[in-house]
Amino acid sequence: MKKGDHLFLVDGSGFIFRAFHALPPLTRKSDGLPVGAVSGFCNMLWKLITNARDTSVGVTPTHLAVIFDYSSQTFRKELFPEYKANRSAPPEELVPQFGLIRQATVAFNLPCIETEGFEADDIIATYARQATEAGGDVTIISSDKDLMQLVTPCVHMYDSMKDKQIGIPEVIEKWGVPPEKMIDLQALTGDSIDNIPGVPGIGPKTAAQLLDEYGDLDTLLARAGEIKQAKRRENIIANADKARLSRTLVSLRTDVPLDMPLDGLVLEPQDGPKLIAFLKAMEFTTLTRRVAEVTGADASAVDPVEVTVEWGADAHGPDVGEGAAALPEPAKAGAVSAISAPAVSPDALTPASLAAARAATFKGAKIDTEAYETVRDSAALDRWIALARETGVVAFDTETTSLDPMQAELVGFSLAVADNTVDAAGTAVRACYVPLSHKSGRGDLLGGGLVEDQIPEREALARLKPLLEDTSVLKVAQNLKYDYLLMKRLGIEIAGFDDTMLLSYVLEAGTGSHGMDALSERWLGHTPIAYKEVAGSGKGAVTFDMVEIARATAYAAEDADVTLRLWHVLKPRLIAEGLATVYERLERPLVPVLARMEERGISVDRQILSRLSGELAQKAAAFEAEIYELAGETFNVGSPKQLGDILFGKMSLPGGSKTKTGQWSTSAQVLEDLAAAGHDLPRKIVDWRQLTKLKSTYTDALPGFIHPETKRVHTSYSLAATTTGRLSSSEPNLQNIPVRTAEGRKIRTAFIASPGHKLVSADYSQIELRVLAHVAEIPQLCRAFDEGIDIHAMTASEMFGVPVEGMPAEVRRRAKAINFGIIYGISAFGLANQLGIERSEAGEYIKRYFERFPGIRDYMDKTKAEAREKGYVETIFGRRAYYPEIRSSNPQVRAFNERAAINAPIQGSAADIIRRAMIRMEGALSHAGLGEKAKMLLQVHDELIFEVEDEAVEATLGVVTQTMENATRPSLEMKVPLKVDARAAHNWDEAH
DNA sequence: CCCCAACCGTA
DNA sequence: GTACGGTTGGGGG
């Protein structure tokens with residue numbers, strides 16, 4: 001190395017963590033292997049090698065090395081055993097990427113440097129010193145503050161993520177001291193992440209000020225008595241030794257013995273095929289193409305290299321490049337090694353076999369509900385929190401006074417961690433319950449107060465908050481949205497979580513319940529204590545705060561225990577089934593989004609509903625009188641049984657049909673037919689039913705959902721209720737507010753914006769038909785959507801040869817019914833019912849439709865075959881819907897399942913699309929400066945409702961429309977455009 | 001008190 | 001013909 005040479009030193013270990021946390025969407029290979037950090041690393045290296053001059057570094061390297069940590073056993077650990085002791089295990093998705101990044105380095109023809117007993121930082125310091133002494137310049141590719149002490153006029157750092165060079169001025173700007181004082185500064189402040197003690201109470205600002213005043217640490221310590229602030233003075237004097245120890249720990253060594261001399265770091269030309277083979281194995285298509293272009297290699301002639309994937313605790317190790325195929329023992333495996341014991345033959349180590357082994361281990365493992373700990377004081381709670389940090393995964397569950405998270409008050413919470421101290425036969429999970437506000441059982445003058453020996457809620461929450469908000473500790477919960485919302489109301493935003501309910505839902509939507517009790521039966525062979533066994537049911541029910549603490553502990557801690565076991569079983573299956581992306585992109589991120597929507601609620605005008613209710617009552621009463629007159633007697637009009645007897649018994653009207661229980665059917669369809677045949681009574685029943693339905697379900701019920709404090713209505717969305725991926729809404733259901741009839745729409749006028757705001761409604765136009773056009777690749781449909789043509793008129797025109805211009809409404813209506821029928825997995829029976837025509841005629845229509853659109857029949861046949869073969873169908877984003885009964889020998893059952901299987905990819909893909917839009921929406925609004933002005937409130941399958949400040953309405957309409965219309969991108973480009981209609985008004989009726 | 005059937009509101 | 005949730009009546013325990 002000589003003057004003019006420029007050495008780049010890449011902090012490989014640092015980059016991995018940085019990339020992992022900075023790159024938001026988790027990137028995975030098609031087999032589920034997480035490769036986000038590897039991708040970031042490769043892109044960064046490629047840019048540095050080919051294009052560093054155009055970055056803010058501004059020079060091209062002549063030498064380059066990538067430096068890694070060898071292991072956690074370093075000289076610092078010998079000096080200070082607690083060094084880095086409270087580091088939690090790396091995130092699960094990160095573990096296999098350590099080895100891959102080393103392999104990437106080799107593929108780039110770059111030296112991969114590591115030395116036993118030293119950290120990457122020391123190696124970097126040593127090379128930087130040597131290079132400077134030889135007259136060269138150095139750029140350290142890292143933004144780690146621990147390396148800033150190395151910055152000199154000849155040594156710069158470079159933050160590749162922010163494309164920002166860090167020199168002396170930048171260090172001073174950031175820390176208030178020049179690089180040569182960074183060591184002293186760090187000695188004073190310490191570092192909680194690396195467990196460097198420092199001086200308590202001294203942060204960067206104070207440290208910089210002190211160093212500015214006294215010059216350096218030694219002077220400061222010598223003259224500490226002069227410090228004016230008493231507390232600070234005592235602190236520094238008392239902790240002088242700690243400061244000196246800290247200084248040694250943060251000082252980087254520049255004398256590390258190096259196997260590779262500086263001249264060995266000369267940047268070699270790229271070996272195109274070698275690099276491409278690796279990039280292909282990682283499925284980095286864009287970078288593969290670029291590398292092929294630049295190196296002149298023929299990418300298509302290169303086979304992907306076999307990569308080594310290590311999931312285990314040794315993934316930090318240096319061994320690279322050899323070994324067998326993927327070995328996805330899930331991360332954190334070490335933590336549960338005691339219970340994931342069953343031997344699996346080495347050649348059977350596939351994701352699927354490992355998932356199966358996990359399932360076998362946990363199935364039937366004994367769960368002892370008497371073995372749980374009741375946490376009575378903060379010291380005990382702190383021990384559990386430390387345990388959670390140590391293992392990196394903790395199950396969390398709250399116990400409250402209500403199923404409604406907006407009303408619920410916290411009573412206690414439970415935690416569970418994997419126990420790696422017991423043998424394979426023992427209990428493998430440890431759990432505890434932390435009671436906070438249990439009351440004594442007696443409600444008389446003496447009792448009813450708080451039970452003794454409970455941690456005060458504020459104190460417990462203060463201790464819990466850092467754990468729950470720390471993304472490096474995974475919180476596992478069942479139906480986390482509930483706990484998320486509850487904790488958010490208490491000032492805690494849970495971050496870094498998994499939800500066992502959602503894991504189950506992604507793995508097997510369509511096969512039964514995803515509730516905890518059902519999952520426990522299914523996967524653990526264990527029946528958890530029933531809630532009603534603890535808190536009673538019906539009239540004898542009490543709120544959980546009245547439950548005796550010992551009993552509460554058994555119940556609550558078991559829930560956390562079971563949840564953690566389920567996670568151990570289900571999470572590996574996600575990888576094995578290739579469903580990690582669905583879970584991580586469509587499911588998990590929606591939890592906080594929905595929680596915030598639920599928390600916001602929507603304003604409902606009580607007066608409007610009350611007035612409507614009165615009107616409906618009057619009108620219904622008038623109908624009742626007429627009904628009794630026509631019937632010749634009074635009866636309960638709301639009783640289909642009594643009504644059937646009147647209509648078909650007493651009055652012996654013709655055309656009655658029976659329900660499957662043998663009752664007379666009084667459905668709207670039957671009554672409409674009778675009305676059309678000239679009978680007066682049925683018409684009046686239909687009208688009466690509409691009015692009473694509106695009254696009982698909407699105008700009377702909705703006010704009861706207005707929250708006493710927020711004065712708004714907070715629905716609850718279920719993420720795991722449908723087979724197709726749609727959400728569902730309940731308590732109240734705001735996804736079935738009337739819209740079709742004028743009378744019904746009046747109810748929508750009661751949903752209003754706050755003063756100074758508008759409601760914005762944005763809905764996808766014909767999204768399911770567009771999805772159909774895309775998945776079945778129907779040219780006419782695609783063209784019609786491209787050109788914005790009326791899709792039902794186009795269908796009618798194709799089928800019946802009628803020109804679109806001047807088409808009779810009835811012809812279009814029939815085509816529209818057929819289009820909907822197609823989406824629903826059409827049958828002649830159903831279409832005939834819908835259109836009121838003969839089944840044979842409906843059959844003709846379908847036949848003609850398939851002649852004009854043969855691609856639709858192909859799609860339907862293909863979907864049915866897929867469902868029969870695999871038991872499930874998939875949406876365009878890979879979500880599965882299972883139909884276990886599709887092979888039923890009962891033709892009706894089978895046909896029903898076939899229609900559902902045809903519908904699911906269409907309905908489900910539309911659901912995926914709006915989910916993506918919702919997940920991005922808050923970010924998009926914030927980006928446009930609307931984060932505080934426009935709030936998403938409701939989702940109704942293809943519609944999103946927002947509440948927006950008046951002045952921000954125009955801007956919001958644009959952002960919302962764009963976000964929704966672009967929701968599939970960049971993952972997927974549809975063959976038809978998505979169209980969104982959006983408008984604003986004071987109430988929901990006018991906005992829709 | 002619990003559960004089911006019938007009916008009907010939405011996409 | 002698909003997917004939901006809520007209300008009511010009514011039967012059984």
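Proteins come first, then strands; the chains are lettered A, B, ... in the order of their sequence lines, and each starts at number 1.
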May I ask you to say what [X] touches in the nucleic acid, namely base, sugar-phosphate or nothing, with a heavy-atom cut-off under 4.0 Å?
X        : value
A/Asn636 : sugar-phosphate
A/Ile737 : sugar-phosphate
A/Gln663 : nothing
A/Thr661 : sugar-phosphate
A/Ala817 : base
A/Ala668 : sugar-phosphate
A/Gly638 : sugar-phosphate
A/Ser665 : sugar-phosphate

Regarding [X] and [Y], does a basic nitrogen lie under 4.0 Å from an acidic carboxylate oxygen?
X        : Y        : result
A/Glu851 : A/Arg857 : no
A/Arg683 : A/Glu672 : yes
A/Lys979 : A/Asp981 : yes
A/Glu810 : A/Arg813 : yes
A/Arg812 : A/Asp790 : yes
A/Glu768 : A/Arg726 : yes

With a cut-off of less than 4.0 Å, is there a side-chain N or O of [X] near OP1 or OP2 of [N]?
X        : N      : result
A/Ser639 : C/dG10 : yes
A/Thr697 : C/dG5  : no
A/Arg740 : B/dT10 : yes
A/Ser728 : C/dG5  : yes
A/Thr723 : C/dC4  : yes

Fill in the blank from the handout: Taking pairs as Watson-Crick (N1-N3 plus N6-O4 or O6-N4) or G-U wobble (N1-O2 and O6-N3), each distance under 3.5 Å, the stems of three or more consecutive pairs with DNA chain C are B:1-11 with C:2-12

Rounded off to whole Å, could you give me the [atom1]-to-[atom2] distance for the [X] and [N] pair?
X        : N      : atom1 : atom2 : answer
A/Asp989 : B/dT10 : CG    : C1'   : 15 Å
A/Leu691 : B/dC7  : CG    : P     : 18 Å
A/Ile747 : B/dG9  : CD1   : C1'   : 9 Å
A/Phe820 : B/dT10 : CZ    : P     : 13 Å
A/Leu769 : C/dT2  : CG    : P     : 17 Å
A/Asp942 : C/dT2  : CG    : C1'   : 14 Å
A/Gln834 : C/dT2  : CD    : C1'   : 12 Å
A/His941 : B/dA11 : NE2   : C1'   : 5 Å

If you check every side-chain atom of [X], which of [options] has the closest atom?
X        : options              : result
A/Tyr824 : C/dA3, B/dC7, C/dT2  : C/dT2
A/Thr722 : B/dC1, C/dC4, B/dT10 : C/dC4
A/Thr666 : B/dG9, B/dC1, B/dC7  : B/dC7
A/Lys660 : B/dC8, B/dA6, B/dC1  : B/dA6
A/Lys641 : C/dG10, C/dT2, B/dC7 : C/dG10
A/Arg748 : B/dG9, C/dT2, B/dT10 : B/dT10
A/Ala701 : C/dG11, C/dT7, C/dG5 : C/dT7

Exercise for the section: Starting from the 5' end of DNA chain C, give me the residue, A/Arg726 or A/Ser730, whose nearest nucleotide shows up first. Expected result: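 Residue closer to the 5' terminus by nearest nucleotide: A/Arg726.
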
Practice task
Any chance you could measure A/Lys693, atom NZ, to A/Thr699, atom OG1, to the nearest 0.5 Å?
Solution key: 12.5 Å

Exercise for the section: Take the angle between the ring planes of A/Phe751 and A/Trp988 and call it parallel below 30°, perpendicular above 60°, tilted in between. Expected result: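 A/Phe751 and A/Trp988: perpendicular rings.
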
Handout entry: Mutual orientation of the aromatic rings belonging to A/Phe648 and A/Trp664 [parallel < 30°, tilted 30-60°, perpendicular > 60°]
Key =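 The arrangement is parallel - the two ring planes meet at less than 30°.
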
Handout entry: Distance-only donor-acceptor test (3.5 Å): side chain A/Asn736, base B/dG9
Key = yes

Practice task
Can you check whether any acceptor in the base of C/dA3 is under 3.5 Å from a donor in the side chain of A/Arg899, or vice versa?
Solution key: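 No such pair is found, so the answer is no.
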
Exercise for the section: Examine the side chains of A/Gln735 and A/Ser728 and answer whether a donor and an acceptor come within less than 3.5 Å of each other. Expected result: no

